[in-house]
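Below is one structure; the comments refer to it alone.
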Amino acid sequence: MKHGGIVAAAIEVLADIETNHRPASAALTAWAVSHRFAGSGDRSAIGNLVFDALRKRASIAWRMGADTPRALAIGAYAHCWGVGIDRLEVAFAADRHSPEPLTDAEKIALRTGSLDDAPDWVKGDYPEWLDPAFATAFDGHAAEEGAALAVRAPVDLRVNTLKSTRDKVMKDLTRFEPAETPLSPVGIRLQPGTGPGRSPNVQSEAAFRKGRFEVQDEGSQLAACLTGAAPGQQVADVCAGAGGKTLALAALTGNTGQIYAWDGDRHRLAGIHERLQRAGARNVQVREAGQPEALASLAGKMDVVLVDAPCTGTGTWRRRPDTKWRVSEKALEDRKADQDAVLALAAPLVKPGGRLVYVTCSVLPEENDARVAAFVAADPGFAPLDPAAFVAAALLPEETKARLADPALATGHGLQLTPRRTGTDGFFVSVLERR
């Protein structure tokens, strides 16, 4: 497909998302099913344009003077893909599948649209109703932090040290031009595609099938390291989901001690067994999902209990941009209730002197510091550790510890990672010690 047809297809998909209120991935799949002539490269380009439009929806709409699917697709093509108005008109004229020619109003908007007078939520491309939360979280840098969450994310990999080393995996992936992640000692970073270009599809690589690495954002890798889990310890991952951090914990403990994986949703946990087998993780015991009583025998015995809590996912907007326009005040309230409940469930598992580690992929204080404060108020048997203390104790290189010890990353009760501050997804980590 030529670029005019790609823009037209993106308009169709964005209209489907708006009309049917469904996730972008579902709308893209539906479009592909009804347009089987489109090749994989075409589908990838269309998806890129749709996701770029959603990443920068507020700022594009401001510049274009409209929030319609057409305005978003044309604006993303011009501003995100760097196509000037003259080239855009040529692209439209060269393809009979293009949208209608640009109107005079659209030409003016493309030439003169500016964010100079835009409010922070527009410059930062986040929902207006979250402006107070962003202002609280980022103290004068809400627009910059939001903008960093509105660009394409790199593809981060975690080397599985149970099976390989970073040098070996980088050699396996030479054709992708891999680089070491700046902070994680076991991370590899691949750059995302630009414009219509695809991001690397590493899950089809032999090294992935052999369990030598997992796809995992550097922030998630660091969160696992900051638990302080060490060889020989007893560790519970009570929101294990598909097992990303469980696998990281297995590698950190060197297949020694015992890790107990559990989740309240059996569907989320269903895929963990295949991943454990591929990774060669032998010290993981999967407890019956959805049954809290399956954790009863662990009470008071765990050195580390990880609560990777369900949240709004505001820290992952680079990868799932459509979710930021679907998050609602009710969804936030529901997640806060879930977070309080899972902390209460996990706390009894921690032995005296052990650690309860609370993690979210959120940047909202209501889901982070506020939840820790509420938990400690209800259970004074736990005390949050100073971030500098749990960073110093983590199994991380000294240069990484120095970077994470930056006071700018510390919050009231934890550590906040963001794309702007650390180049990672947005992750919050708080470590509490049982007195």
Side-chain angles (χ1 to χ4, degrees), residues 3-19 24 27 45-93 95 98-131 134-135 138 140-153 192-197 314 317-327 419-420:
H3 279 205
I6 288 170
V7 175
I11 293 171
E12 286 186 49
V13 174
L14 289 165
D16 185 9
I17 293 169
E18 180 182 85
T19 302
I46 294 162
N48 284 347
L49 190 57
V50 167
F51 282 118
D52 285 340
L54 293 170
R55 285 185 183 96
K56 295 184 177 292
R57 177 177 175 173
S59 61
I60 291 171
W62 181 275
R63 287 179 170 185
M64 295 295 293
D67 190 27
T68 63
R70 176 182 167 91
L72 295 177
I74 291 173
Y77 188 62
H79 297 299
C80 301
W81 289 19
V83 179
I85 187 169
D86 293 335
R87 284 178 56 200
L88 195 154
E89 289 190 294
V90 169
F92 279 21
D95 188 353
S98 296
E100 292 294 317
L102 295 176
T103 66
D104 289 341
E106 288 170 339
K107 292 176 185 179
I108 293 171
L110 289 168
R111 287 195 178 98
T112 65
S114 169
L115 298 179
D116 290 346
D117 298 323
D120 282 351
W121 67 271
V122 170
K123 292 179 179 178
D125 280 295
Y126 54 83
E128 183 176 7
W129 73 271
L130 283 176
D131 200 35
F134 267 61
F138 300 126
H141 296 285
E144 295 92 336
E145 292 284 354
L149 281 162
V151 298
R152 294 189 194 180
T194 59
T314 51
W317 282 346
R318 297 186 301 172
R319 303 177 194 280
R320 300 189 299 164
D322 56 324
T323 61
K324 68 176 160 181
W325 308 114
R326 297 203 310 270
V327 68
R420 177 175 175 267

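Computed over heavy atoms, backbone and side chain alike; hydrogens, waters and symmetry mates excluded. In what follows, residues are counted from 1 in the order of the sequence shown.
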Run the side chain to side chain contact (heavy atoms under 4.5 Å, CB included) check on T314 and L149 step by step: do they pass? CA-CA 9 Å; T314 51; L149 281 162; 5.9 Å; no
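- Of all heavy-atom pairs between I6 and W81, the closest is CG2-CH2, 4.4 Å.
- Contact record, V122 with S59: O-CB, 3.5 Å, taken as the closest heavy-atom pair.
- A pairwise comparison of heavy atoms in L102 and F92 identifies CD2-CE2, 4.2 Å as the closest pair.
- The line from CG of L72 to CE of M64 is 8.5 Å long, rounded to the nearest 0.5 Å.
- Applying salt bridge (Lys or Arg N to Asp or Glu O under 4.0 Å) to R70 and the options E12, E100, E106 leaves one that passes, E106.
- Considering only heavy atoms from C-beta on, I11 comes within 4.5 Å of P99 through its side chain.
- A search for salt bridge (Lys or Arg N to Asp or Glu O under 4.0 Å) contacts involving E89 returns K107, not counting sequence neighbours.
- Rounding to the nearest 0.5 Å places CD of E145 at 4.5 Å from CZ of F138.
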Apply side chain to side chain contact (heavy atoms under 4.5 Å, CB included) to K56 and H79, showing your working. CA-CA 9 Å; K56 295 184 177 292; H79 297 299; over 6 Å; no
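- For D95, there are no side-chain hydrogen bond (donor to acceptor under 3.5 Å, both in side chains) partners at least two apart in sequence or on another chain.
- Remark: R319 engages D217, D425 in a salt bridge (Lys or Arg N to Asp or Glu O under 4.0 Å) (not counting sequence neighbours).
- Considering only heavy atoms from C-beta on, W317 stays 4.5 Å or farther from P419 through its side chain.
- For the salt bridge (Lys or Arg N to Asp or Glu O under 4.0 Å) test, residues two or more places apart in sequence or in another chain that qualify with D322 are R326.
- Taking D125 as the reference, nothing meets the salt bridge (Lys or Arg N to Asp or Glu O under 4.0 Å) condition, with sequence neighbours excluded.
- Side-chain N or O atoms of R63 include none that pairs as donor or acceptor with a backbone N or O of A109 at under 3.5 Å.
- Once rounded to the nearest 0.5 Å, the distance linking CZ of F51 with CG of L14 reads 10.0 Å.
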Check step by step if side chain to side chain contact (heavy atoms under 4.5 Å, CB included) holds for Y77 and L49. CA-CA 7 Å; Y77 188 62; L49 190 57; 4.2 Å; yes
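- Shown here for G140 and E144, the closest heavy-atom pair between the two residues is O-OE1, 4.0 Å.
- Take Y126 and apply the ring-ring contact (aromatic ring centres under 6.0 Å, His included) test, not counting sequence neighbours, and it matches F134.
- The NE2 atom of H3 lies 11.0 Å from the CG atom of L88; values are rounded to the nearest 0.5 Å.
- Put simply, the side chain of R57 never gets that close to the backbone of D67: no donor and acceptor are under 3.5 Å apart.
- Of all heavy-atom pairs spanning A10 and A73, the tightest one is CB-CB, 4.2 Å.
- Rounding to the nearest 0.5 Å gives a distance of 11.0 Å between CD1 of I60 and CD1 of I74.
- Of the charged side-chain nitrogens involved, none lies within less than 4.0 Å of a carboxylate oxygen, so that D120 and K123 do not count as a salt-bridged pair.
- The shortest non-hydrogen separation linking G197 to N48 is O-ND2, 2.9 Å.
- No side-chain heavy atom of P127 sits less than 4.5 Å from a side-chain heavy atom of W121.
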